[in-house]
Amino acid sequence: MKSLSHRTFGRAIAFALAMTLLLTCLSSAYATTAEPITIKFWNSFTGADGDQLVELVDRFNQTNTDGIKVEMDISANFADQLTSALAAGTGPALVLMSNAMRYQYDGYLQDVSDIFTQTGMDKSDFIQSYLDYCMDGSAMYLVPFQIVGYYLFWNKDLFTAAGLDPDVAPTTWDEYAEFAAKLTDATKNVYGSGLCYNYPYQLAHVIQRFGDLSVTAADGKWQANFAGNEGYEKFLVTFKKMIDDGVNPVEADTDPMMMAGQIGMTVSGPWITGGLDTADIKYGISLLPEGEAGDMNSVEVLGFGVPTVATDAEKAAAYRFIQWWNSEDANGTSPALEWATNNGFPAYTYSVQAMDSYQSSEKLRITSSADPSAPTDFFVDSRFPDTGIMLFDVLAPLVQRIVFDNTDVATALTDAQTIADGVVARYNQ
Amino acid sequence: MMQRKSMLSYLNKPSRSAYFFVAPSILLLLVFNITPLLASFGLSVSDASITLNQISFVGLDNFTRAFSDARFLNSLRVTLVFSLLEVPLQAFGAMVIGALMVKNNLWNKALRAVFFLPVICSATVIGIMWRMILHSNVGIITYAFSLLGFGKINFMNSAQTTIFVVSFLSIWRSFGISAIIYVTAAQQVSPSLYEAAELDGAGAVRQFFHVTVPSIRSTFWFVLMTRFAGSLQIFDIIYVTTGGGPNFTTESTVTYVYSRAFSSGGDMGYASAMSMVLFVFIMLVTILMYRRMIREG
């Protein structure tokens with residue numbers, strides 16, 4: 001074996017030292033590019049899902065190697081808090097809000113359409129109809145976080161007791177009314193249908209199946225569609241009849257009744273499943289029956305938004321958090337997957353929907369079974385800036401007039417049209 | 001040094017040093033009361049969005065709009081009905097209950113604590129609790145009433161009766177504070193007056209009407225004034241229990257103002273104009289009652 005000369009040995013040592021020094025410099029240089037940064041993250045997830053959000057944010061803070069700390073503030077007064085902050089020129093770098101709400105903050109949200117190029121997230125993995133919800137032309141103001149849809153829930157035991165097949169849900173609204181009548185048993189305090197007169201979100205998902213969207217665009221202008229809407233008229237007549245016949249209770253909140261086994265069918269979101277499971281109710285879930293307005297997948301998209309008060313560095317940190325939220329880890333899971341499986345909301349990416357743990361959940365399989373290319377607009381054209389006012393100022397009074405004042409349906413629809421015309425006129429100016 | 005000395009000599013006069021001591025309070029009043037009030041007035045004559053990024057002067061348009069808005073007028077009517085139900089019941093009821101708890105024995109102390117408990121509970125908790133208790137189908141009180149043969153009463157969803165239920169909840173929540181105020185006032189009444197009345201043969205009821213009530217008249221007006229001002233601003237209990245329903249029969253002015261400002265529309269200018277109308281009304285009522293209270297005192 002040829003021994004190394006002193007010179008060669010010295011050169012090898014010098015080379016090794018130089019390489020070590022170079023690597024050290026490189027690693028320290030990398031570390032300095034990721035300077036510690038703290039970003040504020042505001043949202044209104046005050047329920048049990050908020051606890052999970054806290055846990056996930058904590059996990060991000062502990063595991064991310066970019067020196068990013070997300071300081072989350074969950075508040076029931078999120079809207080008031082954000083409004084005051086933005087008006088004062090301050091506020092968070094990251095928010096969670098509904099697409100319907102984002103128009104209120106017009107000019108206060110940054111375009112986040114570059115998130116895909118900045119982070120390497122695969123845009124084609126996102127279901128396009130949900131992304132469209134968050135876009136205005138080429139600009140994107142929210143990155144999908146949660147898809148809120150409403151589904152039909154039914155009590156299987158009550159179905160069996162009424163002689164109905166417990167595994168078969170009504171597929172049309174006529175069938176819904178027919179099933180509801182069969183399920184009703186006044187002697188046992190059981191109502192077939194659990195629609196609430198003062199729950200505009202629930203009512204909107206149903207009424208649009210009958211008569212389509214309440215506001216649409218025509219010739220570049222917004223147009224309200226209440227007066228003479230035969231679908232809406234049919235829904236109102238059906239609802240009133242169910243109430244008068246004692247098939248549907250006069251209630252603003254039927255969830256406790258559903259959990260007490262007193263409601264045969266109701267329309268609600270995935271959040272009701274927790275209560276139903278706890279109450280040991282055997283229930284089925286399906287997509288909402290199709291009405292005269294045709295196939296639709298009406299949803300509300302909640303998304304991550306970056307307010308204009310965020311600096312470039314804060315925006316980059318927010319992007320990193322959103323990327324982490326949507327990234328699969330070594331165990332084959334991701335925060336987005338955990339969120340979907342724990343809360344029952346359908347995922348907004350194809351990759352999460354394809355995961356085994358997602359597919360193994362019957363609830364998720366059903367809630368994700370809507371045709372993703374079906375229209376996702378919720379009650380109004382998704383580009384109309386004020387869903388809230390149509391829900392609370394037009395739909396809710398309309399339904400309550402029918403229920404409590406016994407107003408003639410056609411007259412009530414004409415009056416609703418007058419109010420809605422006033423609203424759309426403001427946005428047409 | 002000279003400046004400090006002259007400052008000290010300036011403040012040495014009691015009338016001047018008084019300003020120094022009240023300055024923090026004045027500062028707080030300016031920052032947290034006067035400024036928001038002026039800002040609210042400014043907004044009420046403007047067309048302002050929720051984020052205040054677009055503000056334009058519209059004069060009295062918002063006020064004109066308010067007085068032609070059927071929902072606002074309805075909310076004023078609901079607020080007035082609510083106040084007329086809540087305030088007299090509370091002011092008189094608490095006086096009677098307070099009179100029964102004047103003596104500082106253990107039983108009365110326990111009763112005062114029980115009456116006071118709802119005062120320290122949040123309106124949200126109270127609202128959710130009562131919503132469940134009075135639920136048309138799963139509520140325990142509804143069930144109890146049906147067992148007594150009253151049938152199934154829909155307490156929270158009746159256009160005719162829900163306003164009474166909401167008024168009751170509000171009374172139940174704030175009754176304790178009014179009762180405690182009366183107890184404190186009644187304890188200040190000289191025992192010699194009761195002794196004299198007793199010597200004249202007056203029983204407990206006559207003593208209440210002829211000694212207690214006249215002696216605590218100013219307290220009565222104080223309770224009436226504060227409760228009236230409070231009930232005209234009712235929001236939380238209604239917001240949590242009925243949200244203004246059914247069919248707007250419990251929608252108070254503040255609930256409507258909130259919905260205009262935050263829930264839908266984000267119309268801060270219009271919401272502020274309605275708030276100003278309510279503010280003026282409350283101020284007038286308060287001034288009238290305050291003058292009466294001072295006279296009684």
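Quick note on labels: first sequence line is chain A, next is B, and so on, each numbered from 1.
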Of all heavy-atom pairs between A:Val394 and A:Pro397, which one has the smallest distance, and what is that distance? O-CD, 3.4 Å

Do you know which of A:Asp185, A:Ile263, A:Val190, A:Ile281 makes side-chain contact (heavy atoms from CB on, under 4.5 Å) with A:Leu158? A:Val190

Go through the atoms of A:Ala252 and report whether side chain, backbone, both or neither lie under 4.5 Å from a heavy atom of chain B. both

For residues A:Tyr197 and A:Phe404, establish whether the separation of their ring centroids is below 6.0 Å. yes

Scored by heavy-atom pairs under 4.5 Å with chain B, the best of A:Thr387, A:Thr254, A:Asp253 is A:Asp253

Determine the interplanar angle of the B:Phe235 and B:Tyr258 rings, folded into 0 to 90°, and report it as parallel if under 30°, tilted if 30 to 60°, perpendicular if over 60°. tilted

Please list, in residue-number order, every residue in residues 55-85 of chain B that has a heavy atom less than 4.5 Å from any heavy atom of chain A; write 'none' if there are none. B:Arg71

Options B:Gly245, B:Ser136, B:Pro246, B:Ala159, ranked by heavy-atom pairs under 4.5 Å with chain A, top entry: B:Pro246

Looking only at heavy atoms, which two atoms of A:Pro307 and A:Gln110 are closest? And how far apart? O-NE2, 3.0 Å

Checking A:Asn189 now: which residues fulfil side chain to side chain donor-acceptor pair (under 3.5 Å) with it, not counting sequence neighbours? B:Asn137, B:Lys152

Between B:Ser272 and B:Met268, is there a donor-acceptor pair closer than 3.5 Å when you use the side chain of the first and the backbone of the second? yes

Have a look at A:Phe378 and tell me which of A:Val148, A:Leu391, A:Leu213 forms a side-chain contact (heavy atoms from CB on, under 4.5 Å) with it. A:Leu391

Contacting region of B:Asn247 [heavy-atom separation from chain A under 4.5 Å]: both

Residue A:Glu251 versus chain B: region with a heavy atom under 4.5 Å: both

Interchain contact, B:Thr249 with chain A, by part (heavy-atom threshold 4.5 Å): neither

For the student: nearest non-hydrogen atoms of A:Asp386 and A:Tyr427, plus distance: OD2-OH, 2.9 Å

Could you tell me which portion of A:Asp80 (side chain, backbone, both or neither) has an atom closer than 4.5 angstrom to a non-hydrogen atom of chain B? both

